[in-house]
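Naming convention: chains lettered A, B, ... in sequence-line order (proteins, then strands); numbering from 1 in each chain. As the structure is a prediction and not an experimental result, all values here were calculated from the model. Note that these values count all heavy atoms, side chains included, but never hydrogens, waters or copies made by symmetry.
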Amino acid sequence: MCTIGSAVFDISAPEYIIGDPFEIEPQSISSLRSARKRVCIVGEVCSFKCEEARGGGGMFITFGIFDGNATIEVRTRRLEAEDAQEISDTISNGMIVAAVGDVRPDKNSPDMLFYYSAIAKIKRLPREDTAEEKRVELHLHTNMSAMDALISPADAVNTAKRWGHKAVAVTDHANVQGFPEAMIAAEKAEMKVIYGLEAYFVNDSASPLFGEWDRAFSDEVVVFDIETTGLSVVTCKITEIGAVKIRDGKVVDRYSTFVNPECHIPEEITELTSITDDMVKDAPTVREVLPEFLAFVGDDLLVAHNAGFDTGFIRYVAKEQGIEFDSPYLDTVALSRYVNTDLKVHKLDAVAKYFGLGDFNHHRAVDDAEMLGLIYLKMLEKLEKFGIEDYGRLVSEIHANTDPLTLKTYHMIILVKNLTGLKNLYKLVSLSYLKYYRRVPRIPKSELDKLREGLIIGSACEAGELFSAIVDNRSDSDIEDIASYYDYLEIQPIGNNHFMVDEGRVPDEEALRDYNRRIVAIGEKLGKPVVATSDAHFLDPEDEIYRHILLAGMKFKDADKSCPIYFHTTDEMLREFAYLGEKKAHEVVIDNPNAINDMVEEVRPIPKGSFPPHLDGAEEELTEKCWTRAHNMYGDELPEIVSSRLERELGSIIKNGFAVLYVIAEKLVHFSESQGYLVGSRGSVGSSFVATMAGISEVNPLPPHYYCPKCRYSDFSNPDKVGSGFDMPTRNCPVCGEKLAQDGQDIPFETFLGFYGEKSPDIDLNFSGEVQGRVHKFTEELFGSENVFRAGTLGTLADKTAYGFVAKYFESKGESVCRAEADRIISHCVGVKRTTGQHPGGIIVVPREKEVYDFTPIQHPADDPKSDIITTHFAFSYLHDTILKLDELGHDIPTKYKFLEKYSGISVMDVAMNDRTVYELFATTESIGIPQMDVTDKETKMLGLMIGTLGLPEMGTSFIQQVLVDAKPKNFADLMQISGLTHGTDVWLGNAQDLIKNGICDISHVVGTRDGIMLDLIRYGVDKNLSFKIMEMVRKNKKGKPIPEEMVAAMREKEVPEWYIDSLRKIKYMFPKAHAAAYVMSAIRLGWYKVHQPVAFYCAILTVAPEGFDATVVARGRRAVVDTMRDINARWNDATQKEKDLFGAMQFANECMLRNIKFLPVSLEHSHAKEFLPEDGNIRMPFMSLPGVGENAALAIMNAREDEPYFSVEDLQLRAKLNKSVIEILRTNGVLDRLSETAQISMFDLF
DNA sequence: CAGTCGTCATCGCCATC
DNA sequence: ATGACGATGGCGATGACGACTG
Ligand SMILES: Nc1nc2c(ncn2[C@H]2C[C@H](O)[C@@H](COP(=O)(O)OP(=O)(O)OP(=O)(O)O)O2)c(=O)[nH]1
Ligand SMILES: [Mg+2]
Ligand SMILES: [Mg+2]
Ligand SMILES: [Zn+2]
């Protein structure tokens, strides 16, 4: 055993993994400040990296060793690939090691580096809960508490499990987004989770009137105010009391006196109140004043502004003097909020001004009381106008009319007891986000009362209602009223509230303990269990720094203040609450939390099973539609291949509940087309022939075939064994002589739904961005807005932002950390919730017989109450296997189609799929009239002119162009394969490309589409279902998880070649063939316009996707365009994203200019706001192509031009409401050249 | 006339297909 | 200098500008 700071390492059984065994006598890393030989260190491996050495020729490995306190960067010498691999296999992040080696300073930084000679694996003892009887944590924040907490739900669950706790609660701020991860971890660890949250509770049934008082307004009341030496009841004293007695709307008596506080009045208070030490030094003390004042009050109602404060002080001193004080009182702040709804600020002077009551000496009790008296009468007058004339009526009216959005929020813990409670909680969360959101989602008492079944309510922390009432020194009966609403009361460690001492709100820690003692006493009196909770925001004490970084990143002033809110063990808690006595401590730490846990049933936040929607007649409708369409295409007597495929697919689709989705999708396509926008095909659904027949997908997955559009003859023989129907020679119908249509991409249905419907795919559709919103609305109409929701997303703190936060944090502290340490800290900060958003197109469909609350709460994206979009509270990925989704994505291709048709007058659907000149685009620039340049010349490549694919979707990037040049595709099938090979990391480079280069196989046999994987494996003899599973695992493996041993073994058993298995291992993502087919089809279509309708092509592409296009560069001519590209290209890695976009646009513009199509300058008369318009064989650039002229300005210029031409710059600025920067941009770009500055000229003309 | 608030344009980052 | 998956859009921050307000 050895200790470094608070970290304890077990070195009793070292496992020597690199180098010779050595004696483990570690130094603390922070002590290594200078070069030393043969030092031993221990710690956790972090930030492990294995990189190719610069300039090739070997590898470098770097990692950090973190000993719980400091990190040192470890480097290796230059290594051979095999050695590097061996080390990578032995050492990994999170491993605890001891190492010996030399410490040397880094040449390039102030840090020290460690060069090891030997490494041993050891253990670090984590914090353990060794208590006999364990506590249960009922208040814990996961990293789903936005920018506030760091515990991953899995860590919470696993730590509690390791500690032997029976359960652990997940209680994030206002949301339940930690539930799904907690559920997954809990099921894996067989652990119980108590699901809950920490709500922002508002008491909308609170009234401004405290205590019993239901007389008429005309009865006598005492309006009063006090001045004090500060805000805290405990540490501050009264300096002045002022009061007026009011009866029948008139002041009938007054009381006013200074009070000697018997202490110094702080300067800032004197400044505010103008009450000095001098003024009060001869005044009576509160011991004399209080009885006098209370006698003045008698049995009257007390009225004060923020009365809790004033009565709190009076009550405190009364108690000190052994005088009973329980007068009813009314708070005019609350009353003003209710009466003066048009007022935002309800401070005394603001309200006085509001009623026009003139100036007064604010912050002097005598004057404030007088003024408040007047205000009070005004408010009563106002109420009387509404027929409210007594206090009883007032209270009931207020209850009925309070706006929860204006009330003070209190923290409150809500735990889920059972499934009823879970659903109620989801409803409450939804309400809080959708209806009661202001700054935070609020849960009003009135709603909670309605939905309280199945929920357990706890009093939460210092920001809870109970704790606040105690701090404010509210009356015993008030406090007990509050406490009685809760099912249990919470107390927390002193450290949690220590900030109150620091801020001077309480004198010392003892006062904090007194608060906890008070809560314990209240619990005893009311019979409410009191439980001790951590209010954990991070797991271990040493993790506090990560929270500081988060808070500092959010620019919080007090970010670096210590607040040790870690997950406490039982013993830590028992020690913490020892001051309550051993027995009581045991009760609040162990017994009561366990008792609460015993009330809680185990529930699953997302139900098991899948819940497809139903729609009467959907199955029949789909079936009918498909057969009809099939007969229309392939004849009355369907070829076997067609009918058997239809039957098989329909069976599977209907059985797995997908028919409804098909039917809805079909209606959506119809809807979009009715709006004038074609729909782009996408995704695995193109593997379904039913989708083709239903018109959802234009990909035909049948084998290559001919069919006659006239007589419905068909031929599936495919004698040339081509890979795509589009690649067959053209033929005329042997029956009727008509030219035959050709189609068929040969795709298995199973890519979509699996062999046994074991997959939960979605249906993907590409809609023009211009109709996407309408399509979403239409889906709601089709299936009901109660059942259709946009999927929500969760935005988290990821690498780059975390890096910025960490850098900023240490910079502001004037400290520096080594890269390994920075990376380690970053890795701990990553994953914390920041915001919510909307899924690109995912629309989930809840079956009619269910409610959305059976699956997830709902909310607005980014919590924005003004948004008219409602999203699922849970990210879709967690609902993936439970409910179905339609992916109604936005895409530019359908919009491009629209503009191509508009500018060329040629229908997209008439474009042939087998025009040779179009295929030539993928091999040369000749077919667009640009003489072929040398493809081996770097300049050619830079210009993007090795081939003619610039502007073709997903075919025009440098990378893909290079692959096309190398692979020389000849037909549609080749292009599909290349499409697959060029979409995904480690698919082509370092994988397929090498296999081809090394002659191991040719391009048609490398892994290019995911369907290929399944079919290849089946061909090798691997079980078809396992083949399917391997395909599914390989196709999205972004993190590079290894293929499970049993899968590898099954492949080896069937003699699947090692290179093939290796290839699969590397793949990070892979297209389904259907998607490749759909995208190549659109590339071919756009290519046709590129060859045959160039002006329309360039106009359409630029109009729809103008990113990076800069009219100021293009206007300077082709030279300038090329120079700009050269410049950016020369410093590519330092170029900004904007410059990279500009580069792409300039490639495209250059190609266009080489085809003798000119870009005409932006023109006040001729330019469109955003469209690049064809103009006499050239292209007129739009206003928006000028950087700095945004959509609004551009549209304004165009729209105001409609009425009459602009006759001066002034006229333009006025009519189009342009600001001066836009005018300047227009001026410098010559747009205003022919316009006079003001209307003077025309004025002149009049005379 | 300084301060505040909303709007617009743009950018970096992030999530997702 | 290298290598490189492509595309789309939402959210938050920032800065310039101008209207409004006390
Ligand atoms: N280039 C590229 N395209 C992607 C990526 N992810 C998805 N796509 C494209 C290709 C997919 O077929 C299409 C639809 O995505 P989905 O997530 O719905 O997956 P897909 O339909 O392929 O399979 P599914 O059966 O729905 O699980 O979007 C990606 O990472 N890169
Ligand atoms: Mg899909
Ligand atoms: Mg999808
Ligand atoms: Zn025919």
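- As judged by a 4.0 angstrom heavy-atom cut-off over every strand, A:W1132 is placed among the base-contacting residues.
- Side-chain contact check for A:Y1069 and A:R1035: no donor-acceptor pair (N or O, by modelled atom type) lies under 3.5 Å.
- Backbone-only engagement by A:T835 is indicated by non-hydrogen atom pairs under 4.0 Å involving sugar-phosphate atoms exclusively.
- Rounded to whole Å, the distance from CD1 on A:I893 to P on B:dC17 is 18 Å.
- Comparing C:dA4, B:dA9, B:dC17 against the side chain of A:S958 picks out C:dA4 as the nearest.
- Each of B:dC17, B:dA9, C:dG18 was ranked by its minimum atom distance to the side chain of A:N1219; first place goes to C:dG18.
- A:L981 has its CG atom 13 Å from the P atom of C:dC5, to the nearest Å.
- At a threshold of 4.0 angstrom between heavy atoms, the contacts of A:A1105 with the nucleic acid are absent.
- Residue contacts for A:L989: at a heavy-atom cut-off of 4.0 Å it reaches a base atom on one of the strands shown.
- Taking atom CG on A:L797 and atom P on B:dC14, their separation rounds to 7 Å, with Å as the unit.
- Nucleic acid contact class of A:K1138 (heavy atoms, under 4.0 Å, all strands): sugar-phosphate only.
- Between A:T957 and A:H839, the one whose closest nucleotide on DNA chain C sits nearer the 5' end is A:T957.
- Mapping A:D764 and A:V1189 onto DNA chain B via the closest heavy atom, the residue that lands nearer the 5' end is A:V1189.
- No hydrogens or angles considered: nothing links the side chains of A:Y437 and A:Q859 as a donor-acceptor pair under 3.5 Å.
- Across all non-hydrogen atoms, the minimal contact from A:A1145 to A:G1108 is CB-C, 3.6 Å.
- Backbone-only engagement by A:K555 is indicated by non-hydrogen atom pairs under 4.0 Å involving sugar-phosphate atoms exclusively.
- For A:F876, the side-chain atoms get nearest to B:dC17 when compared with the rest of B:dC17, C:dC17, B:dC8.
- Across all strands shown, B:dT16 pairs with C:dA7; the Watson-Crick or G-U wobble distances both stay below 3.5 Å.
- A:I1101 places its CD1 atom 10 Å from the P atom of C:dT8, with the value rounded to the nearest Å.
- A donor atom on one side chain and an acceptor atom on the other are found under 3.5 Å apart for A:T779 and A:E888.
- Here, C:dA4 and B:dC17 have their P atoms 25 Å apart, quoted to the whole Å.
- Of the candidates C:dC5, B:dC13, B:dC17, the closest approach to any side-chain atom of A:L889 belongs to B:dC17.
- Of the candidates B:dC14, B:dA9, B:dT16, B:dC14 carries the atom nearest the A:K800 side chain, counting heavy atoms from C-beta on.
- Per the geometry, NE2 belonging to A:H891 stands 16 Å off P belonging to B:dC17, to the nearest Å.
- At the phosphate of B:dC13, neither OP1 nor OP2 sits under 4.0 Å from any side-chain N or O atom of A:T801.
- At a cut-off of 3.5 Å, with distance as the only test, a side-chain donor of A:Q961 or A:T949 sits close to an acceptor on the other residue.
- Considering only side-chain atoms of A:E954, the nucleotide from B:dC14, C:dG6, C:dC17 that sits closest is C:dG6.
- Sequence order on DNA chain C of the closest nucleotides to A:R790 and A:R682 puts A:R682 first from the 5' end.
- Side-chain N or O atoms of A:R790 include none that pairs as donor or acceptor with a backbone N or O of A:T872 at under 3.5 Å.
- If you measure from atom CD1 of A:I978 to atom C1' of C:dC5, you get 15 Å, rounded to the nearest angstrom.
- Side-chain atoms of A:Q962 and A:K941 include a donor-acceptor pair closer than 3.5 Å.
- Residue A:K1039 contributes atom NZ, which lies 12 Å from atom P of B:dT16 at whole-angstrom precision.
- Nearest-nucleotide mapping onto DNA chain B: of A:D799 and A:D887, the residue sitting toward the 5' end is A:D799.
- For A:D892, whose side chain is taken as the heavy atoms from C-beta onward, the closest listed nucleotide among C:dG18, C:dG9, B:dC13 is C:dG9.
- Dashed line: the shortest gap from a side-chain N or O of A:Q1137 to OP1 or OP2 of B:dC11 is not under 4.0 Å.
- A:R834 comes within contact range of no nucleotide atom at all, as no heavy-atom separation falls under 4.0 Å.
- For the pair A:I1223 CD1 and C:dG18 P, the computed distance is 10 Å after rounding to whole Å.
- If you check every strand for non-hydrogen atoms under 4.0 Å, A:G984 touches a base.
- No side-chain donor from either of A:S152 and A:N143 sits under 3.5 Å from a side-chain acceptor of the other.
- Among the atoms of the strands shown, none is found under 4.0 Å from any heavy atom of A:Q962.
- Checking C:dA4, B:dT16, B:dC17 against the side-chain heavy atoms of A:K941 singles out C:dA4 as nearest.
- Considering only side-chain atoms of A:T793, the nucleotide from C:dG12, B:dC17, B:dA15 that sits closest is B:dA15.
- The residue A:K885 sits close only to the backbone: its heavy atoms come under 4.0 Å of sugar-phosphate atoms, none of a base.
- Within 4.0 Å of A:H983, counting heavy atoms only, lies at least one base atom of the nucleic acid.
- When the side-chain nitrogen and oxygen atoms of A:T796 are compared with OP1 and OP2 of B:dC14, none of them lie within a distance under 4.0 Å.
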